[in-house]
K.L.:
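Input: one structure, supplied below.
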Amino acid sequence: MKKLLILGAGTSGTMMANHMHKVLPHQEWEISIVDQDETHYYQPGFLFLPFDLIKSKQLKKSIKKFIPEGVHLVHGTIDRIDKEHDQVFLENGMVLSYDILIIATGTHIAPEEIEGMLEDQWQESIFDFYTYKGAVNLRNKLRMWPGGKLVVHISEMPIKCPVAPLEFAFLSDSYFLNKGIREKADITYVTPMSGAFTKPKATEALGHLLEQKNIKLVPDFNIERVDTENNKIIDYGGQEVAYDLLVTVPTNMGDEMVARSGMGDDLNYVPTDKNTLQTKIKDNIFAIGDATDLPASKAGSVAHFESEILTENIQRYIEGKELKKEFDGHTNCFVETGHGKALLIDFNYTQEPVRGVFPFSGVGPLSLLKETHMNHLGKLAFRWIYWNMLIQGKHIPFVTPTMSLAGKEIEESEQVES
Amino acid sequence: MSERTYAEINIDCNEEGYLTDLDQWNKDVAMDIAVEEGIELQEKHWEVLDYIQDQYRKEVPLTIRKIGKSGIVDIKTFYQLFPGGPLKKASRIAGIPKPVSCI
């Protein structure tokens with residue numbers, strides 16, 4: 001028997017377990033997947049939880065439920081990969097050997113990277129919403145919060161779901177309006193980027209929305225430390241922003257296991273070919289999703305598109321064929337803008353988000369880079385799609401793994417080299 | 001695309017003033033761009049510029065964190081050398097494209 005081993009049973013790992021179980025002959029291949037947790041979280045829901053827009057129980061299901069029968073689910077913490085001997089060591093002493101390895105260990109927040117962040121004020125006046133616990137604590141805080149200076153902040157790029165902090169700012173505006181305390185809440189958006197987003201057309205549209213919603217923007221802010229005594233964040237250039245409530249996205253880092261295996265970059269991301277998803281570590285090691293160093297968004301949609309291409313490439317690798325250089329960085333994100341509206345962006349390594357309709361040219365029904373109620377319904381429907389189709393490795397109709405230009409308003413000069 | 005004159009030669013730049021061809025760059029060009037940014041280049045500046053050009057040629061994406069760990073300067077000094085937006089200013093003076101956070 002040959003062995004395929006998947007590290008991590010989050011969005012990417014679960015999708016790959018389902019895909020590979022379908023395509024690999026069961027009499028020749030044994031598939032195993034390892035994870036330290038027993039709960040699969042619907043991470044896009046962490047954004048809604050602080051505003052009481054979703055119930056906490058809607059975000060949790062058992063990991064086991066989504067691993068197909070016939071795939072071995074191993075519970076344990078990964079110590080390290082021994083790439084020379086094609087083995088993975090777990091902390092409990094177990095050793096798993098493999099012929100092919102897929103790294104899907106994701107990314108997590110590392111608040112300890114910023115001086116002052118992970119001290120006495122953590123989860124008191126400084127919160128994250130990138131963990132289940134953080135989102136629950138923030139919900140409890142916001143329920144009682146009388147108003148004051150709310151600072152929504154990104155520590156450094158790259159982060160998982162790069163539009164989430166913007167959505168958080170937009171939803172805060174709605175939330176405070178509905179509670180009747182909007183005039184008591186002063187909302188500021190602080191980012192290390194030069195504007196609301198990196199890509200020009202989206203930055204313009206999203207920057208305009210910030211203005212419309214009376215949310216102040218502080219760009220080019222690279223945080224050095226949090227001064228918890230005086231409630232302010234300070235950047236390397238000496239710039240200061242005061243807060244009463246700091247909602248931050250701390251530095252994001254790949255799993256420590258990657259560092260222990262001696263294969264990550266300075267943020268523990270795995271060097272990976274951006275078109276084939278084979279790692280630059282060794283030919284029989286592949287990586288997917290947030291764990292990679294790809295210059296693409298760290299987002300579930302990206303992992304979904306990658307999974308279809310990676311499945312084909314692993315089959316080609318087994319057959320000794322050349323890998324397809326097919327992944328184009330395709331990303332598709334709903335951006336919740338509050339008041340029952342959302343906008344949608346669809347882009348890849350070279351094509352920035354533009355206006356248009358999606359997925360059908362001339363029809364939609366979703367609108368690109370434009371706030372509509374229909375897009376909001378799309379975002380809500382996505383939770384069902386996630387549990388019932390996406391992580392089970394089912395193809396989502398009409399949405400191709402590589403980006404389609406159909407329905408997009410493209411100008412000649414907008415295709416840029418990344 | 002536009003042309004600007006630095007060190008008495010015409011240099012191809014984009015709308016934001018970043019060089020589009022590193023081969024047109026030389027130290028005199030760098031000094032002229034630095035003047036526009038309000039910076040007088042000293043020895044430490046040149047070390048940083050060398051480092052980021054080298055990283056660019058190796059296709060390593062640049063971040064503030066990476067510069068801080070380069071062993072050339074710490075982040076605080078990097079800000080003092082290129083006040084305001086250090087990575088953007090240093091990239092422009094070094095003749096490489098504006099760094100993007102790829103997201």
Side-chain angles (χ1 to χ4, degrees), chain A residues 110 113-114 154-164 166 191-195 197-200 202-203 219-225 234-239 251-253 265-267 269 271 274 293-299 302 329 331 333 345 347-350 352-353 413 416-418, chain B residues 1-2 12-23 37-39 44-45 48 51-52 54-92 95-103:
Chain A
E113 288 288 309
I114 308 293
I154 300 174
S155 296
E156 68 182 287
M157 297 302 293
I159 57 167
K160 174 159 33 193
C161 192
V163 291
L166 260 180
T191 168
M193 294 182 266
S194 307
F197 202 63
T198 51
K199 320 266 175 172
T203 297
D220 294 315
F221 188 98
N222 281 290
I223 188 165
E224 183 191 7
R225 63 192 174 93
I234 300 164
D235 93 335
Y236 283 103
Q239 217 183 156
T251 304
N252 278 209
M253 292 182 83
D265 63 10
D266 54 359
L267 287 166
Y269 295 124
K274 70 175 190 174
D293 73 340
L294 261 53
S297 287
K298 295 193 180 298
V302 176
T331 310
C333 302
I345 51 179
F347 59 102
N348 68 12
Y349 288 140
T350 52
E352 65 158 320
S413 62
V416 291
E417 281 301 307
S418 73
Chain B
M1 184 79 97
S2 61
D12 297 329
C13 294
N14 69 9
E15 290 80 11
E16 292 180 298
Y18 288 81
L19 266 63
T20 52
D21 178 8
L22 182 54
D23 286 343
E37 296 284 2
I39 296 165
K44 202 73 197 167
H45 291 100
V48 174
Y51 171 77
I52 67 172
D54 183 51
Q55 295 295 301
Y56 173 73
R57 289 197 182 96
K58 290 180 188 156
E59 295 184 11
V60 180
L62 282 161
T63 60
I64 300 258
R65 171 180 282 261
K66 199 155 267 160
I67 305 257
K69 288 191 172 176
S70 64
I72 313 277
V73 277
D74 58 28
I75 301 177
K76 200 99 189 161
T77 315
F78 186 43
Y79 265 82
Q80 284 159 3
L81 292 173
F82 303 93
L87 196 54
K88 282 186 283 185
K89 286 188 181 176
S91 298
R92 192 172 160 237
I96 68 166
K98 184 178 175 178
V100 285
S101 313
C102 300
I103 55 173

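Basis for what follows: all heavy atoms, side chains included, without hydrogens, waters or symmetry-related copies. Every value quoted in this text rests on a predicted model; they were computed, and no experiment measured them.
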K.L.:
Please evaluate residues A:D266 and B:K66 with respect to the criterion side-chain contact (heavy atoms from CB on, under 4.5 Å), reporting the C-alpha separation (whole Å), side-chain torsions for both, the decisive distance (0.1 Å), and the verdict.
P.N.:
CA-CA 8 Å; A:D266 54 359; B:K66 199 155 267 160; 3.6 Å; yes

K.L.:
Could you look at A:E224 and say if it's the side chain, the backbone, both or neither that has a heavy atom under 4.5 Å from chain B?
P.N.:
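Just its side chain gets close to chain B.
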
K.L.:
Could you measure the distance from the CD atom of A:E156 to the CD1 atom of B:I64? Nearest 0.5 Å is fine.
P.N.:
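Going from CD on A:E156 over to CD1 on B:I64, the span is 9.5 Å.
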
K.L.:
Within the 3.5 Å criterion, strictly below it, is a donor on A:S194 or B:K88 matched to an acceptor on the partner's side chain?
P.N.:
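Short answer, yes.
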
K.L.:
Show the numbers, then the answer: is there a side-chain contact (heavy atoms from CB on, under 4.5 Å) between B:R65 and A:L267?
P.N.:
CA-CA 9 Å; B:R65 171 180 282 261; A:L267 287 166; 3.4 Å; yes

K.L.:
Between A:E113, A:Q239, A:K298, which residue shows the highest count of heavy-atom pairs closer than 4.5 Å to chain B?
P.N.:
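The option with the most such pairs is A:E113.
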
K.L.:
Need one label for B:K69: side chain, backbone, both or neither, based on atoms under 4.5 Å from any heavy atom in chain A.
P.N.:
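Only the side chain of B:K69 comes within 4.5 Å of chain A.
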
K.L.:
Starting at CD1 of B:I75, measure out to CG of A:D235 and round the result to the nearest 0.5 Å.
P.N.:
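Between B:I75 CD1 and A:D235 CG, I get 11.0 Å after rounding to 0.5 Å.
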
